**Q** 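Please see the structure below; I have some questions.
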Number of protein chains: 2
Amino acid sequence: MKISEVAAKTGLTIDTLRFYEKIGLITPPPRDDAGRRSYDPDILGWVRFLDQLNATGMKQADRIRYARLRAQGPATYAERRQMLEDHRTAIAAQLVQLQDTLKLMDQKVVHYRALEAQHIEPEPTHD
Amino acid sequence: MKISEVAAKTGLTIDTLRFYEKIGLITPPPRDDAGRRSYDPDILGWVRFLDQLNATGMKQADRIRYARLRAQGPATYAERRQMLEDHRTAIAAQLVQLQDTLKLMDQKVVHYRALEAQHIEPEPTHD
DNA sequence: GCTTGAGCTGGAGTGCACTCCAGCCCCTAT
DNA sequence: ATAGGGGCTGGAGTGCACTCCAGCTCAAGC
(Lines give C-alpha, C1' and ligand atoms only; values in the text may rest on other atoms or scores of the structure.)
Protein backbone atom coordinates (compact mmCIF):
# COMPACT_ATOMS: atom_id res chain seq x y z
CA MET A 1 0.00 0.00 0.00
CA LYS A 2 1.09 3.55 -0.72
CA ILE A 3 1.29 6.04 2.13
CA SER A 4 -1.67 7.96 0.71
CA GLU A 5 -3.81 4.81 0.91
CA VAL A 6 -2.83 4.16 4.49
CA ALA A 7 -3.64 7.78 5.31
CA ALA A 8 -7.04 7.52 3.63
CA LYS A 9 -7.92 4.28 5.40
CA THR A 10 -6.77 5.25 8.87
CA GLY A 11 -7.75 8.89 8.96
CA LEU A 12 -4.22 9.99 9.79
CA THR A 13 -2.45 12.40 7.51
CA ILE A 14 0.59 11.45 5.48
CA ASP A 15 2.66 13.77 7.64
CA THR A 16 1.47 12.07 10.79
CA LEU A 17 2.32 8.64 9.41
CA ARG A 18 5.86 9.76 8.65
CA PHE A 19 6.04 11.40 12.06
CA TYR A 20 4.92 8.16 13.74
CA GLU A 21 7.63 6.34 11.88
CA LYS A 22 10.23 8.87 12.97
CA ILE A 23 9.36 8.52 16.65
CA GLY A 24 9.15 4.74 16.48
CA LEU A 25 5.42 4.07 16.60
CA ILE A 26 5.55 2.43 13.18
CA THR A 27 8.41 0.27 11.98
CA PRO A 28 9.87 1.72 8.77
CA PRO A 29 8.17 -0.03 5.86
CA PRO A 30 10.14 -1.35 2.88
CA ARG A 31 10.57 1.01 -0.06
CA ASP A 32 9.76 0.51 -3.74
CA ASP A 33 12.31 1.05 -6.54
CA ALA A 34 11.77 4.76 -6.40
CA GLY A 35 12.38 4.94 -2.65
CA ARG A 36 8.73 5.34 -1.70
CA ARG A 37 7.20 3.65 1.35
CA SER A 38 5.29 0.47 0.54
CA TYR A 39 3.21 -0.70 3.50
CA ASP A 40 1.97 -4.15 4.39
CA PRO A 41 -1.82 -3.90 4.90
CA ASP A 42 -1.26 -5.20 8.45
CA ILE A 43 -0.29 -1.65 9.25
CA LEU A 44 -3.97 -0.67 9.23
CA GLY A 45 -4.86 -2.72 12.27
CA TRP A 46 -1.82 -1.53 14.15
CA VAL A 47 -2.49 2.14 13.38
CA ARG A 48 -6.11 1.76 14.46
CA PHE A 49 -5.00 0.14 17.68
CA LEU A 50 -2.59 3.02 18.30
CA ASP A 51 -5.44 5.39 17.64
CA GLN A 52 -7.56 3.63 20.21
CA LEU A 53 -4.82 3.86 22.83
CA ASN A 54 -4.50 7.52 21.93
CA ALA A 55 -8.22 8.19 22.17
CA THR A 56 -8.31 6.62 25.61
CA GLY A 57 -5.55 8.79 26.94
CA MET A 58 -2.37 6.76 26.64
CA LYS A 59 0.68 9.03 26.41
CA GLN A 60 2.88 9.08 23.34
CA ALA A 61 5.88 7.89 25.38
CA ASP A 62 3.95 4.81 26.50
CA ARG A 63 2.70 4.03 23.02
CA ILE A 64 6.27 4.24 21.81
CA ARG A 65 7.37 1.92 24.58
CA TYR A 66 4.63 -0.55 23.62
CA ALA A 67 5.58 -0.34 19.95
CA ARG A 68 9.21 -1.06 20.78
CA LEU A 69 8.26 -4.07 22.88
CA ARG A 70 6.07 -5.35 20.09
CA ALA A 71 8.95 -5.05 17.65
CA GLN A 72 11.09 -7.22 19.94
CA GLY A 73 8.79 -10.22 19.64
CA PRO A 74 7.71 -12.95 22.06
CA ALA A 75 10.28 -12.12 24.75
CA THR A 76 8.21 -9.06 25.67
CA TYR A 77 4.78 -10.66 25.99
CA ALA A 78 4.66 -10.28 29.77
CA GLU A 79 5.72 -6.66 29.70
CA ARG A 80 3.20 -5.81 27.03
CA ARG A 81 0.46 -7.55 28.97
CA GLN A 82 1.38 -5.51 32.02
CA MET A 83 1.12 -2.28 30.02
CA LEU A 84 -2.32 -3.24 28.77
CA GLU A 85 -3.45 -4.12 32.29
CA ASP A 86 -2.22 -0.75 33.52
CA HIS A 87 -4.05 0.97 30.71
CA ARG A 88 -7.16 -1.00 31.53
CA THR A 89 -6.96 0.38 35.05
CA ALA A 90 -6.55 3.92 33.74
CA ILE A 91 -9.58 3.46 31.49
CA ALA A 92 -11.68 2.19 34.39
CA ALA A 93 -10.82 5.34 36.33
CA GLN A 94 -11.76 7.52 33.38
CA LEU A 95 -15.08 5.69 33.08
CA VAL A 96 -15.92 6.63 36.65
CA GLN A 97 -14.98 10.26 35.99
CA LEU A 98 -17.08 10.38 32.83
CA GLN A 99 -20.08 8.73 34.45
CA ASP A 100 -19.95 11.17 37.36
CA THR A 101 -19.77 14.10 35.03
CA LEU A 102 -22.49 12.75 32.76
CA LYS A 103 -24.76 12.60 35.77
CA LEU A 104 -23.78 16.11 36.76
CA MET A 105 -24.54 17.42 33.28
CA ASP A 106 -27.99 15.86 33.45
CA GLN A 107 -28.65 17.41 36.83
CA LYS A 108 -27.48 20.79 35.70
CA VAL A 109 -29.56 20.66 32.54
CA VAL A 110 -32.65 19.94 34.63
CA HIS A 111 -31.68 22.76 36.96
CA TYR A 112 -31.24 25.20 34.10
CA ARG A 113 -34.59 24.24 32.60
CA ALA A 114 -36.20 25.16 35.92
CA LEU A 115 -34.33 28.44 36.02
CA GLU A 116 -35.30 29.22 32.45
CA ALA A 117 -38.97 28.69 33.30
CA GLN A 118 -38.66 31.26 36.07
CA HIS A 119 -36.67 33.73 34.09
CA ILE A 120 -38.86 34.61 31.13
CA GLU A 121 -36.95 36.93 28.85
CA PRO A 122 -38.74 40.25 28.57
CA GLU A 123 -39.84 40.19 24.95
CA PRO A 124 -39.77 43.40 23.01
CA THR A 125 -43.37 44.63 22.95
CA HIS A 126 -44.90 46.34 19.96
CA ASP A 127 -48.20 47.63 21.20
CA MET B 1 -9.38 32.96 51.29
CA LYS B 2 -5.79 33.53 50.22
CA ILE B 3 -4.64 32.26 46.86
CA SER B 4 -2.44 29.66 48.55
CA GLU B 5 -5.47 28.23 50.34
CA VAL B 6 -7.47 28.01 47.15
CA ALA B 7 -4.52 26.29 45.50
CA ALA B 8 -4.20 23.79 48.35
CA LYS B 9 -7.91 23.00 48.36
CA THR B 10 -8.38 22.67 44.62
CA GLY B 11 -5.13 21.04 43.64
CA LEU B 12 -4.34 23.77 41.14
CA THR B 13 -1.12 25.75 41.53
CA ILE B 14 -1.07 29.44 42.39
CA ASP B 15 0.25 30.14 38.91
CA THR B 16 -2.61 28.25 37.33
CA LEU B 17 -5.17 30.17 39.37
CA ARG B 18 -3.71 33.47 38.22
CA PHE B 19 -3.56 32.13 34.68
CA TYR B 20 -7.23 31.12 34.85
CA GLU B 21 -8.05 34.61 35.98
CA LYS B 22 -6.07 36.12 33.14
CA ILE B 23 -7.92 34.10 30.49
CA GLY B 24 -11.32 34.69 32.05
CA LEU B 25 -12.13 31.36 33.66
CA ILE B 26 -12.25 32.98 37.07
CA THR B 27 -13.63 36.44 37.74
CA PRO B 28 -10.96 38.61 39.37
CA PRO B 29 -11.46 38.41 43.13
CA PRO B 30 -11.40 41.51 45.35
CA ARG B 31 -8.04 42.47 46.84
CA ASP B 32 -7.06 43.09 50.46
CA ASP B 33 -5.36 46.29 51.66
CA ALA B 34 -2.02 45.05 50.42
CA GLY B 35 -3.36 44.31 46.95
CA ARG B 36 -3.49 40.55 47.41
CA ARG B 37 -6.31 38.41 46.04
CA SER B 38 -8.97 37.52 48.59
CA TYR B 39 -11.32 34.81 47.32
CA ASP B 40 -14.86 34.01 48.28
CA PRO B 41 -14.99 30.30 49.26
CA ASP B 42 -17.58 29.84 46.49
CA ILE B 43 -14.63 29.77 44.16
CA LEU B 44 -13.86 26.22 45.28
CA GLY B 45 -17.00 24.74 43.79
CA TRP B 46 -16.51 26.63 40.57
CA VAL B 47 -12.90 25.59 40.20
CA ARG B 48 -13.80 21.97 40.84
CA PHE B 49 -16.54 22.18 38.25
CA LEU B 50 -14.06 23.62 35.75
CA ASP B 51 -11.74 20.78 36.60
CA GLN B 52 -14.46 18.28 35.89
CA LEU B 53 -15.19 19.82 32.51
CA ASN B 54 -11.47 19.74 31.84
CA ALA B 55 -11.10 16.11 32.88
CA THR B 56 -13.91 15.11 30.55
CA GLY B 57 -12.35 16.78 27.56
CA MET B 58 -13.95 20.19 27.27
CA LYS B 59 -11.65 22.62 25.48
CA GLN B 60 -10.30 25.71 27.18
CA ALA B 61 -12.09 27.97 24.70
CA ASP B 62 -15.44 26.40 25.58
CA ARG B 63 -14.83 26.61 29.29
CA ILE B 64 -14.00 30.27 28.84
CA ARG B 65 -17.20 30.76 26.87
CA TYR B 66 -19.18 29.06 29.63
CA ALA B 67 -17.47 31.17 32.30
CA ARG B 68 -18.33 34.33 30.41
CA LEU B 69 -21.98 33.32 30.06
CA ARG B 70 -22.11 32.51 33.76
CA ALA B 71 -20.76 35.95 34.57
CA GLN B 72 -23.57 37.51 32.55
CA GLY B 73 -26.30 36.07 34.77
CA PRO B 74 -29.82 34.76 34.09
CA ALA B 75 -30.01 36.04 30.51
CA THR B 76 -27.67 33.24 29.46
CA TYR B 77 -29.39 30.26 31.11
CA ALA B 78 -30.54 28.78 27.82
CA GLU B 79 -27.16 29.09 26.19
CA ARG B 80 -25.41 27.54 29.15
CA ARG B 81 -27.88 24.67 29.20
CA GLN B 82 -27.18 24.07 25.53
CA MET B 83 -23.45 23.93 26.20
CA LEU B 84 -23.97 21.38 28.95
CA GLU B 85 -26.21 19.30 26.72
CA ASP B 86 -23.56 19.35 24.01
CA HIS B 87 -20.94 18.32 26.51
CA ARG B 88 -23.20 15.57 27.73
CA THR B 89 -23.33 14.25 24.19
CA ALA B 90 -19.56 14.40 23.91
CA ILE B 91 -19.20 12.49 27.17
CA ALA B 92 -21.59 9.81 26.00
CA ALA B 93 -19.44 9.31 22.90
CA GLN B 94 -16.31 9.06 25.01
CA LEU B 95 -17.99 6.48 27.20
CA VAL B 96 -18.59 4.28 24.20
CA GLN B 97 -14.98 4.66 23.13
CA LEU B 98 -13.68 3.83 26.58
CA GLN B 99 -15.97 0.83 26.98
CA ASP B 100 -14.88 -0.55 23.62
CA THR B 101 -11.24 -0.13 24.49
CA LEU B 102 -11.70 -1.57 27.97
CA LYS B 103 -13.13 -4.69 26.37
CA LEU B 104 -10.25 -4.81 23.91
CA MET B 105 -7.70 -4.52 26.73
CA ASP B 106 -9.34 -7.46 28.48
CA GLN B 107 -9.28 -9.54 25.33
CA LYS B 108 -5.67 -8.72 24.65
CA VAL B 109 -4.63 -9.49 28.20
CA VAL B 110 -6.23 -12.92 27.91
CA HIS B 111 -4.54 -13.37 24.56
CA TYR B 112 -1.14 -12.43 25.96
CA ARG B 113 -1.56 -14.80 28.89
CA ALA B 114 -2.08 -17.62 26.41
CA LEU B 115 0.97 -16.57 24.42
CA GLU B 116 3.05 -16.34 27.56
CA ALA B 117 2.10 -19.92 28.48
CA GLN B 118 3.38 -21.08 25.11
CA HIS B 119 6.53 -19.02 25.14
CA ILE B 120 8.45 -20.11 28.22
CA GLU B 121 11.54 -17.95 28.59
CA PRO B 122 14.67 -20.07 28.37
CA GLU B 123 16.09 -19.67 31.85
CA PRO B 124 19.84 -19.40 32.27
CA THR B 125 21.04 -22.87 33.28
CA HIS B 126 23.86 -23.42 35.72
CA ASP B 127 24.54 -27.12 35.53
C1' DG C 1 10.23 15.23 -23.69
C1' DC C 2 7.93 17.89 -20.58
C1' DT C 3 4.59 18.84 -17.21
C1' DT C 4 2.02 17.21 -13.33
C1' DG C 5 1.59 15.09 -9.13
C1' DA C 6 2.90 12.01 -5.51
C1' DG C 7 6.44 11.20 -2.42
C1' DC C 8 10.92 12.25 -0.20
C1' DT C 9 14.05 14.71 3.56
C1' DG C 10 15.38 17.79 7.30
C1' DG C 11 13.98 21.23 9.84
C1' DA C 12 11.02 25.03 11.32
C1' DG C 13 6.45 26.39 13.06
C1' DT C 14 1.91 25.80 15.57
C1' DG C 15 -1.61 25.52 19.26
C1' DC C 16 -2.76 24.30 23.60
C1' DA C 17 -2.41 24.62 28.42
C1' DC C 18 0.13 25.72 31.46
C1' DT C 19 4.78 26.84 34.16
C1' DC C 20 8.55 29.52 35.45
C1' DC C 21 11.15 33.67 36.26
C1' DA C 22 13.02 38.39 37.59
C1' DG C 23 12.36 42.03 40.15
C1' DC C 24 9.30 44.21 42.99
C1' DC C 25 6.22 45.11 47.45
C1' DC C 26 4.28 44.13 51.85
C1' DC C 27 3.53 41.82 56.47
C1' DT C 28 5.19 39.18 60.36
C1' DA C 29 8.40 37.36 63.57
C1' DT C 30 13.04 37.80 65.86
C1' DA D 1 15.13 47.19 61.97
C1' DT D 2 15.88 43.51 59.32
C1' DA D 3 15.38 38.93 57.36
C1' DG D 4 12.12 35.80 55.49
C1' DG D 5 8.13 34.39 53.25
C1' DG D 6 4.07 35.14 50.54
C1' DG D 7 2.12 37.63 46.93
C1' DC D 8 2.34 40.78 42.87
C1' DT D 9 3.18 41.82 37.56
C1' DG D 10 4.54 41.15 32.76
C1' DG D 11 6.60 38.32 29.94
C1' DA D 12 9.40 34.38 28.52
C1' DG D 13 9.78 29.33 28.39
C1' DT D 14 8.10 24.41 28.30
C1' DG D 15 6.24 19.91 26.67
C1' DC D 16 3.34 17.54 23.89
C1' DA D 17 1.71 16.08 19.55
C1' DC D 18 1.60 17.12 15.59
C1' DT D 19 1.70 20.20 11.04
C1' DC D 20 3.77 22.71 7.50
C1' DC D 21 7.32 24.02 4.29
C1' DA D 22 11.22 24.37 0.79
C1' DG D 23 13.47 22.15 -2.36
C1' DC D 24 14.32 17.86 -4.23
C1' DT D 25 13.45 13.19 -7.08
C1' DC D 26 10.89 10.17 -9.78
C1' DA D 27 7.28 8.00 -12.91
C1' DA D 28 3.61 8.40 -15.97
C1' DG D 29 0.39 10.53 -19.14
C1' DC D 30 -0.28 13.77 -22.98
Side-chain angles (χ1 to χ4, degrees), chain A residues 1-41 43-44 46-68 87 90 94 97, chain B residues 1-41 43 46-68 87 90 94 97 101:
Chain A
M1 301 184 73
K2 293 190 294 174
I3 195 167
S4 55
E5 292 177 283
V6 177
K9 295 204 180 176
T10 61
L12 297 186
T13 67
I14 291 174
D15 272 322
T16 301
L17 285 167
R18 284 194 288 244
F19 169 71
Y20 277 9
E21 185 181 324
K22 184 158 64 184
I23 64 175
L25 277 178
I26 292 174
T27 40
R31 304 299 182 102
D32 68 9
D33 295 354
R36 287 169 306 193
R37 290 170 181 79
S38 169
Y39 294 89
D40 185 302
I43 192 77
L44 298 179
W46 171 241
V47 169
R48 282 188 196 121
F49 179 57
L50 283 176
D51 202 48
Q52 224 167 334
L53 294 179
N54 206 4
T56 53
M58 188 185 279
K59 294 282 194 68
Q60 197 81 291
D62 288 337
R63 292 203 309 271
I64 291 168
R65 173 153 171 257
Y66 189 90
R68 275 210 242 290
H87 190 52
Q94 284 184 71
Q97 169 75 81
Chain B
M1 299 185 75
K2 291 190 294 174
I3 195 168
S4 55
E5 292 178 284
V6 177
K9 296 204 180 178
T10 59
L12 297 186
T13 67
I14 291 175
D15 271 323
T16 301
L17 285 167
R18 284 194 289 244
F19 170 69
Y20 277 9
E21 184 180 323
K22 183 157 65 185
I23 64 175
L25 278 178
I26 293 175
T27 42
R31 304 299 182 103
D32 68 11
D33 295 353
R36 287 169 306 194
R37 289 169 181 80
S38 169
Y39 294 89
D40 186 302
I43 192 77
W46 172 241
V47 169
R48 283 187 195 120
F49 179 57
L50 283 176
D51 202 48
Q52 222 165 338
L53 294 178
N54 205 3
T56 53
M58 188 185 278
K59 294 284 194 68
Q60 197 81 290
D62 288 337
R63 281 180 302 160
I64 291 168
R65 174 153 170 255
Y66 189 89
R68 274 210 241 290
H87 190 52
Q94 285 184 70
Q97 169 76 79
T101 307

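Protein chains get the first letters and strands the later ones, always in sequence-line order, with residue 1 at the start of each. Small disclaimer: the values here were computed from a predicted structure and weren't measured.
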**Q** Taking any atom closer than 4.0 angstrom to a non-hydrogen atom of chain B, what span of DNA chain D does the protein reach, first nucleotide to last?
**A**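 Boundary nucleotides touching chain B, in 5' to 3' order, are D:dG7 to D:dT9.
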**Q** So what does B:N54 hit on the nucleic acid, given a heavy-atom distance under 4.0 Å: a base, only sugar-phosphate, or nothing?
**A**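 Sugar-phosphate contact only - B:N54 comes under 4.0 Å of backbone atoms but never of a base.
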**Q** Where do A:A55 and B:Q97 come nearest, in terms of heavy atoms and distance?
**A**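 Closest approach of A:A55 to B:Q97: CB-OE1, 3.6 Å.
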**Q** Can you name the residues that form a salt bridge (Lys or Arg N to Asp or Glu O under 4.0 Å) with A:D40, not counting sequence neighbours?
**A**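 A:D40 satisfies salt bridge (Lys or Arg N to Asp or Glu O under 4.0 Å) with no residue once adjacent residues are dropped.
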**Q** Can I get a per-line list of side-chain donor-acceptor pairs under 3.5 Å for residues 20-30 of chain A, giving both atom names and the distance, sequence neighbours left out?
**A**
residue : atom : partner : partner atom : Å
A:E21   : OE1  : A:R37   : NE           : 2.7

**Q** With sequence neighbours left out, what residues match B:A34 under side-chain contact (heavy atoms from CB on, under 4.5 Å)?
**A**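 Partners of B:A34 under the side-chain contact (heavy atoms from CB on, under 4.5 Å) test: B:D32, B:R36.
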**Q** Restricting to non-hydrogen atoms, name the atom on A:A7 and the atom on A:L17 that form the minimum distance, rounded to 0.1 Å.
**A**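 For A:A7 and A:L17, the tightest heavy-atom pair comes out as N-CD1, 3.6 Å.
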**Q** Check the pair B:K9, B:V47 against side-chain contact (heavy atoms from CB on, under 4.5 Å), reporting the backbone distance first and the verdict last.
**A** CA-CA 10 Å; B:K9 296 204 180 178; B:V47 169; over 6 Å; no
**Q** How many angstroms lie between atom OG of A:S38 and atom CD1 of A:I43, to the nearest 0.5 angstrom?
**A**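 So the gap between those two atoms works out to 11.5 Å.
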**Q** As an exercise, state the distance from OG1 of B:T56 to CD of B:Q94, rounded to the nearest 0.5 Å.
**A**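 Here the rounded value is 6.5 Å.
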**Q** Taking side chain as C-beta onward, heavy atoms only, is A:D51 less than 4.5 Å from A:T10?
**A**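 Sidechains of A:T10 and A:D51: no contact.
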**Q** Name all residues meeting the ring-ring contact (aromatic ring centres under 6.0 Å, His included) criterion together with A:Y66; count only those two or more places apart in sequence or in a different chain, and write none if there are none.
**A**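 In terms of ring-ring contact (aromatic ring centres under 6.0 Å, His included), with neighbours along the sequence ignored, A:Y66 is linked to A:F49.
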**Q** Tell me, which pairs form a salt bridge (charged side-chain N to carboxylate O under 4.0 Å, His left out) where one or both residues lie in residues 54-68 of chain A, sequence neighbours left out?
**A**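 Of all non-adjacent pairs touching residues 54-68 of chain A, those that pass salt bridge (charged side-chain N to carboxylate O under 4.0 Å, His left out) are A:R65-A:E79.
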**Q** Could you work out, with side-chain contact (heavy atoms from CB on, under 4.5 Å) as the rule, every residue matching B:D33, not counting sequence neighbours?
**A**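 For B:D33, no residue satisfies side-chain contact (heavy atoms from CB on, under 4.5 Å) once neighbours in sequence are set aside.
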**Q** Report the residues that fulfil side chain to side chain donor-acceptor pair (under 3.5 Å) with A:E5, sequence neighbours left out, ordered by chain and then residue number.
**A**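 In terms of side chain to side chain donor-acceptor pair (under 3.5 Å), with neighbours along the sequence ignored, A:E5 is linked to no residue.
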**Q** I'd like a table of atom pairs between the protein and nucleotides 22-30 of chain C - only N or O on both sides, under 3.5 Å - with the distance next to each one.
**A**
none

**Q** Hey, could you give me the CD/CG distance between A:Q60 and A:N54, rounded to the nearest 0.5 Å?
**A**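 One finds 6.5 Å between CD of A:Q60 and CG of A:N54.
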**Q** Using a strict heavy-atom distance below 4.0 Å, which residues from residues 11-18 of chain B are in contact with DNA chain C?
**A**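 Those residues are B:D15, B:T16.
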**Q** Check each residue of residues 2-10 of chain A for a non-hydrogen atom within less than 4.0 Å of any atom in DNA chain C, then write out the ones that pass by number, or none.
**A**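 A:K2, A:I3, A:S4, in order of number.
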**Q** For DNA chain D, find the residues of residues 19-27 of chain A with a heavy-atom distance under 4.0 Å and give them by number; none if there aren't any.
**A**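 When residues 19-27 of chain A is checked for heavy atoms under 4.0 Å from DNA chain D, the hits, listed by number, are A:F19, A:Y20.
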